Amino acid sequence: MAEILAIKPAAIDGPVIARLDKGVLRLTLANPPANALSLAVMAALSAELEDAKANKSVRVIVLAAAGKVFCAGHDLKELTARRADADKGKAFFEQTFSACTALMQQIVRHPLPVIAEVDGLATAAGLQLVASCDLAIASHEATFCTPGVNIGLFCSTPMVALSRNVSRKHAMEMLLTGETIDAATAKEFGLVNRVVPREYLNQIVTKYAQTIASKSSLVIKTGKEAFYAQAEMGLADAYAYTGRIMVENMLARDAEEGIGAFIGKRKPEWSEE
């Protein structure tokens, strides 16, 4: 039976619902109707991600959302209300965008794989959330956009994650036009891995998650960290760095066990060392 994680007293009621089942932690945005990234939502999601690091039962994280909208980005009403502040909202705007930047980097640097399960609209910082995850699987009904240009606020921070997932031309197309793309186009651009029927979305995401959860968590952590580190390096530095990582990995007990199991044609027994 699945375990409901009461990491905080309000964990079951929102704004983020946490559910752990067979090593897969499902974090569901539950801030209807738009699942906007208010400061409270970002704080709750960040806390769940941090708590997952210390829970050895968690091996993979799935980020999903309740309702028809995956995530509509920042809470524009919350931001606009602070224009009445003495500084016209500057301090609050800085706090909000800083919190969002920290959250996105927390996902990228998290030792566990994070999979976005997207059904509905992912826009602006909501698209940034999808692009920051390690994998993204979407339903046929999912849509994506960076519409800031339409309201006088260019999607500059979402651009960071977007431009690290898709080509420059595709990123600029989305950023300059603000138009919505469908799931098939998002896959063509490289923003999502798979597009599947809505009725099978949860099942397929769970299969991916459980497949990854069956691997050595030490090896997954090592590989994820190395992937993002080498991506920011020049070619020679990247090879030098990953060469060192390969040597360290080969010396790990799980590499010895995994290779031995492969040669011996048996199932490996991971020690996570």
Side-chain angles (χ1 to χ4, degrees), residues 1-7 11 16-29 45 48-65 106-119 129-139 165 187 190-231 242 245-273:
M1 181 178 293
E3 174 189 357
I4 299 296
L5 294 183
I7 297 175
V16 178
I17 299 171
R19 181 174 179 268
L20 177 62
D21 185 20
K22 298 178 181 178
V24 179
L25 176 63
R26 174 176 290 271
L27 299 179
T28 303
L29 298 178
L45 182 55
E48 299 290 0
L49 290 167
E50 189 62 30
D51 288 343
K53 291 181 182 179
N55 189 340
K56 293 183 179 180
S57 297
V58 181
R59 303 178 71 84
V60 178
I61 298 171
V62 171
L63 183 57
Q106 184 181 14
I107 292 171
V108 172
R109 296 194 170 97
H110 203 284
L112 299 173
V114 183
I115 305 173
E117 179 182 298
V118 190
D119 185 26
L129 195 60
V130 174
S132 296
C133 292
D134 302 302
L135 299 176
I137 301 174
S139 74
N165 280 252
K187 183 176 182 298
L191 183 60
V192 301
N193 297 86
R194 297 282 185 272
V195 178
V196 302
R198 171 178 283 166
E199 60 268 29
Y200 299 119
L201 178 61
N202 179 265
Q203 178 183 341
I204 291 172
V205 170
T206 298
K207 182 179 179 181
Y208 267 83
Q210 290 179 346
T211 296
I212 296 170
S214 70
K215 317 300 182 185
S216 164
S217 60
L218 172 69
V219 173
I220 292 294
K221 175 181 180 296
T222 299
K224 175 175 174 175
E225 181 179 350
F227 176 85
Y228 290 109
Q230 65 81 30
T242 53
I245 295 299
M246 288 289 287
V247 171
E248 292 173 7
N249 196 166
M250 276 294 292
L251 293 171
R253 186 174 298 177
D254 274 355
E256 182 180 0
E257 166 63 14
I259 294 170
F262 175 77
I263 294 173
K265 298 182 179 180
R266 60 178 175 81
K267 185 177 180 180
E269 295 183 6
W270 306 123
S271 64
E272 317 302 343
E273 297 178 358

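For clarity, every value in this text was computed on a predicted model and none was experimentally measured. Residue numbers run from 1 in the order of the sequence given.
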Fill in: Taking every non-hydrogen atom, the tightest pair across V62 and A209
CG2-CB, 4.1 Å

Worksheet entry | Value rounded to 0.5 Å, distance of CD1 in I212 from CZ in R59 | 11.5 Å

Practice prompt. State, with a plain yes or no, whether a side-chain heavy atom of L29 is found less than 4.5 Å away from one of L129.
Written response: yes

Please list every donor-acceptor pair under 3.5 Å in which a side-chain atom of residues 220-227 meets a protein atom from a residue at least two apart or in another chain.
unit_1	atom_1	unit_2	atom_2	d
T222	OG1	L218	O	2.9
K224	NZ	I107	O	3.0
K224	NZ	H110	O	3.0
K224	NZ	L112	O	2.9
K224	NZ	D134	OD2	2.8

Worksheet entry | salt bridge (Lys or Arg N to Asp or Glu O under 4.0 Å) against K22, all qualifying residues, sequence neighbours excluded | none

Item to complete: Calculate, to the nearest 0.5 Å, the distance between atoms OG1 and CD1 belonging to T206 and I137 respectively.
Response: 9.5 Å

Response to the item:
Interatomic distance, CD1@I245 vs CD@E248, rounded to 0.5 Å, equals 4.5 Å

Worksheet item: Is D254 reaching over with its side chain to a backbone N or O of S216, donor-acceptor style, under 3.5 angstrom?
Response: no

Practice prompt. Go through the steps for L27 and L49 under the test side-chain contact (heavy atoms from CB on, under 4.5 Å), then give the verdict.
Written response: CA-CA 9 Å; L27 299 179; L49 290 167; 4.0 Å; yes

Mind listing the side-chain donor-acceptor pairs of residues 257-270 below 3.5 Å, one per line with the distance, residues two or more places apart or on another chain?
unit_1	atom_1	unit_2	atom_2	d
E257	OE1	R266	NH2	3.2
E257	OE2	R266	NH1	2.7
E257	OE2	E269	N	2.9
W270	NE1	S214	O	3.0

Worksheet item: When you look at CD of E256, are more than 12 heavy atoms from neighbouring residues, nucleotides or ligands closer to it than 6.0 Å?
Response: no

Discussion item. Main chain of V205, side chain of R194: is a donor-acceptor contact present, judged purely on distance under 3.5 Å?
Written reply: no

Item to complete: Would you mind reporting whether D21 and R26 have side-chain heavy atoms less than 4.5 Å apart?
Response: no

Response to the item:
dist L201:CG -> E117:CD (nearest 0.5 Å) comes out at 4.0 Å

Response to the item:
Tightest non-hydrogen contact, residues V16 and L45, listed as CG2-N, 3.8 Å

Response to the item:
dist L63:CG -> L135:CG (nearest 0.5 Å) comes out at 12.5 Å

Worksheet item: What's the shortest heavy-atom distance between A131 and L191, and which atoms?
Response: CB-CD1, 3.9 Å

Worksheet item: Are side-chain heavy atoms of V24 and Q210 found at a separation under 4.5 Å?
Response: yes

Item to complete: Would you please test R19 and T28 for side-chain contact (heavy atoms from CB on, under 4.5 Å) and show each step?
Response: CA-CA 8 Å; R19 181 174 179 268; T28 303; over 6 Å; no

Discussion item. Under 4.0 Å between a side-chain nitrogen and a carboxylate oxygen: does that hold for E272 and K56?
Written reply: no

Worksheet item: Does a side-chain heavy-atom distance below 4.5 Å link I115 with N193?
Response: no

Worksheet item: Would N55 and L20 satisfy side-chain contact (heavy atoms from CB on, under 4.5 Å), going step by step from the backbone distance to the final call?
Response: CA-CA 11 Å; N55 189 340; L20 177 62; 4.2 Å; yes

Worksheet, complete the sentence: Shortest non-hydrogen pair, L25 vs A52, comes out as CD2-CB, 3.8 Å

